[in-house]
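Reviewing the structure listed below.
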Protein chains: 2
Amino acid sequence: MGVSIKDVAKKAGVSVSTVSRVLNNGKYVTDETSEKVMKAVKLLGYRPNIIARGLRTKKTNSVGLIVPDITNEFFAKLAKTIEENLNNNNYSLLLCNSGENEDKERKYIKTLLDKFVDGIIFISSGYDQNMHLFPDDLPIIAIDRKPNAKRVNFISSENKKGGYLATKHLIENGCSKILMLKDRKAVSPMNARLEGYRDALREYNMLFDEDMIIESEVELEYVKEKILKIHKRLEFDGIFAGTDLLAIGAIKTLLKLGYKIPKDIQVIGFDNVLTSQYYNPGLTTIAQRLSEIGERSASLMVDLIENGVKNTESKSYFLPVELIKRDTTR
Amino acid sequence: MGVSIKDVAKKAGVSVSTVSRVLNNGKYVTDETSEKVMKAVKLLGYRPNIIARGLRTKKTNSVGLIVPDITNEFFAKLAKTIEENLNNNNYSLLLCNSGENEDKERKYIKTLLDKFVDGIIFISSGYDQNMHLFPDDLPIIAIDRKPNAKRVNFISSENKKGGYLATKHLIENGCSKILMLKDRKAVSPMNARLEGYRDALREYNMLFDEDMIIESEVELEYVKEKILKIHKRLEFDGIFAGTDLLAIGAIKTLLKLGYKIPKDIQVIGFDNVLTSQYYNPGLTTIAQRLSEIGERSASLMVDLIENGVKNTESKSYFLPVELIKRDTTR
DNA sequence: ATGAAAGCGCTAACAC
DNA sequence: GTGTTAGCGCTTTCAT
């Protein structure tokens with residue numbers, strides 16, 4: 001291979017341990033020898049072998065990120081900031097796309113452990129089955145979807161408040177029959193949003209009607225079908241969609257049916273994806289502070305790795321959400 | 001740490017080298033001893049230490065992926081299929097987000113080399129400055145943006161043909177003054193699309209007019225401004241946008257100006273991003289076979305790693321594109 | 001077919 | 001302050 005620490009030692013006329021010292025902390029070394037060493041390093045173009053170092057130190061300077069679907073704009077943005085921030089702290093990111101599949105998820109966790117990552121940032125596919133795979137002494141951070149099973153650090157948005165704000169917005173704009181459109185997944189953020197919806201109804205003394213909660217796949221066709229059915233059976237003048245894509249699917253269908261938006265029906269989404277901005281009409285929505293979630297996750301991870309993990313005192317953070325008013329509400 | 005090969009050897013009553021043999025190829029070992037070893041492995045829950053193995057073998061079973069922006073749906077889809085396919089072949093993916101930044105790109109390449117990845121899949125930020133950093137004996141695959149500087153394996157779509165198909169489609173639908181809207185980047189796929197545009201004009205004996213080539217940032221606001229200016233100065237009845245987002249920005253503005261689409265002006269995009277499907281009206285566009293590009297890249301990479309690299313005979317693949325007709329063309 | 005032993009490149013006691 | 005040395009856990013000659 002290339003040049004090793006031995007070569008540097010020889011060139012500098014010192015021992016390997018001295019070289020190692022210089023490179024790692026620089027403590028207990030004269031400035032003089034230190035200089036000699038650095039000169040040799042530069043001269044030979046020496047770069048430490050990270051693998052060998054890892055074998056000794058049990059540290060790889062890499063962290064694993066497990067996402068359900070990197071194609072989902074939400075997770076992509078998260079991945080991006082996490083990667084950036086980790087990288088600034090000299091950590092690499094191993095990306096794992098679980099595809100919302102528990103078996104794959106399990107396999108990935110094992111692979112990451114085999115690779116001796118220094119920590120794992122975990123966006124669960126929604127179930128807790130795999131939580132027990134994480135060793136107690138490995139830094140773990142869960143994002144977005146809270147696992148129940150085990151105590152882990154958890155970072156997310158104020159989803160409940162988001163649902164509340166969205167619903168309140170509709171109510172204050174005159175809606176009295178509000179549909180809540182949710183996806184099929186039994187996953188914590190969506191449930192929190194639903195709770196927020198109920199909270200708002202309660203606050204305004206409107207009664208909660210189970211029938212107004214509509215479940216659908218996120219696919220355009222599914223939403224379309226759902227709305228087609230619903231609009232015959234139910235009367236409504238507002239929709240709170242748990243996801244922008246759900247909202248847009250609904251709007252697309254509603255427009256075709258001849259409804260005016262926001263005149264006849266007002267719609268609000270969740271997530272503020274790019275499409276919600278580009279869409280026609282622009283979608284009113286609840287935005288999460290994704291880059292903050294990402295930053296916070298990365299810095300917490302670095303902290304856990306470098307300043308010790310105390311799984312006994314795991315933390316939860318809930319970052320603020322914000323209503324973005326566009327053209328689908330009055 | 002955990003259980004090592006020594007423990008297994010002891011448990012099975014054989015030497016470590018025998019255990020190693022059993023685990024790696026199984027050659028030169030009796031079925032009997034092999035069985036003993038496997039039993040011990042299972043009993044102890046032994047998992048080989050990949051780091052230690054890597055130190056010896058110089059193989060890490062990981063490949064680096066450098067993308068300009070994982071937030072871009074195009075790259076995200078690519079990353080997803082690449083990751084999936086690599087994973088099926090027992091390789092992990094190190095994700096690097098270069099942010100279209102050459103310095104970061106360089107830093108990432110160095111980091112990946114330091115980490116001894118077995119190969120690098122590279123979506124360049126458009127410049128060739130960093131190509132020389134790749135060692136000659138490391139498997140390299142460039143995707144989407146072709147580097148000139150050096151001979152590397154290259155996988156992409158038939159961008160030129162895409163531009164041709166798009167323009168031809170407009171022409172055959174009656175357009176006679178076609179704007180080409182492109183981004184600011186001096187990057188190969190966009191230029192190929194432009195070439196295709198010229199080819200189509202030539203074929204139909206329409207003259208190419210430099211003024212009809214409009215450059216803009218991809219941001220909604222920029223596009224809007226551009227279109228606002230253009231529409232006073234120029235007459236046009238068709239737009240070929242080099243990117244869906246560019247197309248949608250244009251449409252949004254045109255609609256506000258009172259034009260009917262596709263009646264007054266027809267528009268076609270490129271990439272078939274999700275938004276183009278959700279958008280209102282649905283955007284006619286040219287689709288690339290992203291998953292095929294991803295698959296091909298991954299399998300080529302595995303092939304290069306496992307069956308030897310011959311950088312002397314690097315390959316180029318250009319995958320087919322397809323016109324998807326929606327509502328912005330007649 | 002199996003074992004002993006060297007060594008991948010590094011860090012960290014431990015001596016001095 | 002600096003050098004010597006023993007490993008980290010594995011693969012791979014080289015004997016036998």
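Residue numbers begin at 1 in each chain, while the letters A, B, ... track the order of the sequences.
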Would you mind reading off the distance between [X] atom [atom1] and [N] atom [atom2], rounded to a whole angstrom?
X	N	atom1	atom2	result
B:E32	C:dT2	CD	C1'	13 Å
B:D114	C:dG9	CG	P	14 Å
B:I51	D:dT11	CD1	P	13 Å
B:K10	C:dG3	NZ	P	15 Å
B:D7	D:dC8	CG	P	11 Å
B:K59	D:dG9	NZ	P	22 Å
B:Y28	D:dT12	OH	C1'	13 Å
A:L55	D:dT11	CG	P	12 Å

(message) When you compare the side chains of A:E83 and B:N97, does any donor N or O come within less than 3.5 Å of an acceptor on the partner?
(response) no
(message) Tell me whether B:E73 is salt-bridged to B:K77, with the criterion being a basic N under 4.0 Å from an acidic carboxylate O.
(response) yes
(message) Assess whether a salt bridge exists between A:D7 and A:K10, defined as any Lys/Arg side-chain N lying under 4.0 Å from an Asp/Glu carboxylate O.
(response) no
(message) Please encode protein proximity along nucleotides 10-16 of chain C as a string of B, S and -, counting only heavy-atom distances under 4.0 Å.
(response) BBBB---
(message) So if I apply the side-chain contact (heavy atoms from CB on, under 4.5 Å) rule between B:I120 and each of B:L113, B:V152, B:L94, which one comes out positive?
(response) B:L113
(request) Have a look at B:Q288 and tell me which of B:L78, B:I293, B:L319 forms a side-chain contact (heavy atoms from CB on, under 4.5 Å) with it. (result) B:I293
(message) Check this one for me: any side-chain N or O of A:T33 less than 4.0 Å away from OP1 or OP2 of D:dG1?
(response) no
(message) Please tell me if A:T18 has a side-chain N or O lying less than 4.0 Å from either OP1 or OP2 of D:dT2.
(response) no
(request) For residues A:K11 and A:L43, determine if any side-chain heavy atom of one lies less than 4.5 Å from a side-chain heavy atom of the other. (result) yes
